[in-house]
Number of protein chains: 2
Amino acid sequence: MTTIRDVAKLANVSVATVSRVINNNGYVNESTMQRVRQAIEQLNYRPNDVARSLFKGKSKMIALFVPDIMNPFFPELARAVEDISNKHGYTFILCNTDNQNDKEITYLNALLQKSIDGIILVSSTMTTSQVKDMKVPLIALDRKINPNLISVTVNNYEGARQAVQYLKKQGCKRIAHISGPENISNARERFRGYLDEVRDEEWFNSDFICVGNYAVNDAFEATKKLLQSNPEIDGIFVANDLMGVGVLKAAESLKIKIPNELSVIGFDGIELGNITSPSLTTMAQPIYNIGKRAAEILIQKIEHPNTVIKSEEHKVKLITREST
Amino acid sequence: MTTIRDVAKLANVSVATVSRVINNNGYVNESTMQRVRQAIEQLNYRPNDVARSLFKGKSKMIALFVPDIMNPFFPELARAVEDISNKHGYTFILCNTDNQNDKEITYLNALLQKSIDGIILVSSTMTTSQVKDMKVPLIALDRKINPNLISVTVNNYEGARQAVQYLKKQGCKRIAHISGPENISNARERFRGYLDEVRDEEWFNSDFICVGNYAVNDAFEATKKLLQSNPEIDGIFVANDLMGVGVLKAAESLKIKIPNELSVIGFDGIELGNITSPSLTTMAQPIYNIGKRAAEILIQKIEHPNTVIKSEEHKVKLITREST
DNA sequence: AACGCGTATGTAACCCGTTACATATATATA
DNA sequence: TATATATATGTAACGGGTTACATACGCGTT
């Protein structure tokens, strides 16, 4: 492998001068620069990023922790983060945590040993003590971790209220909710939004609430039970689209007509909801955009540690489709 | 940050001895080892991987190039590669190439500068000259690049024939094909399989062939045209499941009943096909498994450069669902 | 007694950019 | 003319592990 010393020798200058040319800093005479450039060209020299990282203590790498890239919500997030990383000259590392804290900690340590420059966390298991006093910049995405850790999220509470309001406007009189796991902040917010919309209705009944796990199958089973025990339900607000699909399938298997007998609204706005039939009405998050913003904020934090950065809450948007 | 020298000082030994303890090689007296271990513990010392990489010229990182992680075929592949990387102590880097050769080359150079240990390529745009003489181990996945580059693929040709045979067995008399892009090796193979099954049928008509782009929308439009011009078609072999979804939607919009009036079979076996209604019959690839094998082979190649490694062609498997 | 080998540990060079500091010339200011 | 400043370039230390090589002790063999 050719090194900066080879280039220096060929161009008849010191390594310092070559380094100045490469990094375009310090004083270098025009003609010297030409000579160095030519030597670099001739040897096809590429600086070794590892040596650079060692000296600088920075690696130009950022990581994204997601529970599981196979969950269709996350690829778009990952794509956004990768695009922005790439645009700013960072290499993108993807880690699947399976919502397991020990995996997160193992990844974290491994990445710190590699001088990772920053990490974006989609996590419901990292604890406050694990994230505070971290010397490497962290950003929470999609799920808040604690109030001191900058986060990029959506207005889950408001979005949930709007979803329920929309069902009411469509004429639903008995609205149920399939919630997400209680340890996930956005699931709690969506649940709270639902509750604040329905708790004072005279028809409200806590049997209309099921706890799901943000996955298709559980929602399928839960919905079947729910609708069999409570045939009066005519609307369901589902805490994410993936479970929304499970609800549609359950209704289909019970021969309940959507949207005639039952209206369904999801949350997230993943492409999947557009493909089912009936297609799924949803409160869509700006998924790509929140991933993009998280990456931009992280890079800002890495490159300008002193700028003041604030958490962001983006707005969800109703997308009406065939399920309502 | 605490360094090996800090540990050495505290344990009253040389850095060489500490290194020997960390890496468990060379002679170290039992009691010395205890002392060093304790110093490591006490200082919470973690070796700096960047320094290690610089000396060794290896980074313990591997990368996966995919066209776009948002295409639902790739997350499972990525997950498999990440799992295996992780298991063997490698860090996983994901690169979205958008099928653009210049992006691939840019990524490649960036990764080489980071002493990447190996790369898995899902690519239809890398050229023979770009991959030969690469000093870093490469593996082609899902798509062959050239005969000299080890690949992990499936039996696309055979699978395609089986798909068409299955449609015939189901009673289809006029079988069309929506193919993938001609520059993708697996699309060509699947097309060839289709052709070899139908070319000698007296009903065969080249109008039954459309070229798609492995995406939903194009297939939707193409199918509408195809079925309107050729209402006699009663079976379609679609080169991937994503386009299969487009076909299902097109049939729905034309009020063509599936499977009664039209049978559809896809290829890939992505989860999506299980969620549509009707659900999509498909020739399923062992997606996770081929990703896993590619990663295992790559790591084998990295860690034992002299072992003889062969390309692998895995078998696809018919999954019958409601669309046939 | 001399030699060989296994055990144990330390010194210093090495991996390869980066940059603080030293040196030197030329131009500008006082 | 003396001093300050911009320009130009080189030397060597530095970042933090790794390891070749040197040194030294203990024990067994001849």
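All values below come from the heavy atoms of this structure, side chains included, with hydrogens, waters and symmetry mates left out. Chain identifiers are assigned alphabetically (A, B, ...) following the order of the sequence lines, protein sequences preceding nucleic acid strands; residue numbering begins at 1 within each chain. As the structure is a computational prediction, the values presented were derived from the model and not from experiment.
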Spacing of Asn29(A) atom CG relative to dT27(C) atom C1', expressed in whole Å: 15 Å
Partner nucleotide of dA1(C) by Watson-Crick or wobble geometry (both distances under 3.5 Å): dT30(D)
Under 4.0 angstrom between Tyr27(A) side-chain N/O and dA8(D) OP1 or OP2: no
Length of the line joining Met33(B):CE and dA8(C):P, which is rounded to integer Å: 9 Å
Sugar-phosphate only, base, or nothing, as touched by Ser19(A) at under 4.0 Å among non-hydrogen atoms: base
Pair Glu313(A), Asn156(A): side-chain N/O donor-acceptor within cut-off below 3.5 Å: no
Ionic contact status for Arg79(A) with Asp68(B), cut-off 4.0 Å: yes
Distance, rounded to the nearest Å, where Arg46(A) contributes CZ and dC15(C) contributes C1': 21 Å
Touch class at under 4.0 angstrom, heavy-atom based, for Ser53(B) against every strand present: nothing
Please produce a list of atom pairs where a protein N or O lies less than 3.5 Å from an N or O of nucleotides 10-14 of chain C.
residue	atom	partner	partner atom	Å
dG10(C)	OP2	Ser14(B)	N	2.7
dG10(C)	OP2	Ser14(B)	OG	3.1
dG10(C)	OP2	Thr17(B)	OG1	2.9
dG10(C)	O6	Arg20(B)	NH2	2.6

Atom-pair distance (CG on Leu54(B); P on dC14(D)), nearest Å: 17 Å
Residue-phosphate contact under 4.0 Å: Thr32(B) side-chain N/O, dA8(C) OP1/OP2: no
Distance, rounded to the nearest Å, where Gln113(A) contributes CD and dG15(D) contributes C1': 16 Å
Check: Asn48(B) side chain, Val50(B) main-chain N or O, donor-acceptor pair, under 3.5 Å: yes
Interatomic distance, Lys58(A) NZ vs dG16(D) P [rounded to whole Å]: 15 Å
Flag side-chain contact, heavy atom, 4.5 Å: Val152(A) against Ser311(A): no
Spacing between Met1(A) atom CE and dC16(C) atom P, to the nearest angstrom: 8 Å
dG17(C) OP1/OP2 closer than 4.0 Å to side-chain N/O of Asn48(A): no
Nearest-angstrom distance from the residue atom CG of Asn25(B) to P of dG17(D): 15 Å
Short side-chain to backbone donor-acceptor contact, Ser151(B) and Thr153(B), under 3.5 Å: no
Asn23(B) side-chain N/O to Asn25(B) backbone N/O, donor-acceptor pair under 3.5 Å: no
Touch class at under 4.0 angstrom, heavy-atom based, for Asn23(B) against every strand present: sugar-phosphate
dC14(D) phosphate, OP1 or OP2, under 4.0 Å from Lys56(A) side-chain N/O: no
Donor-acceptor pair between Asn101(B) and Glu104(B) side chains, under 3.5 angstrom: yes
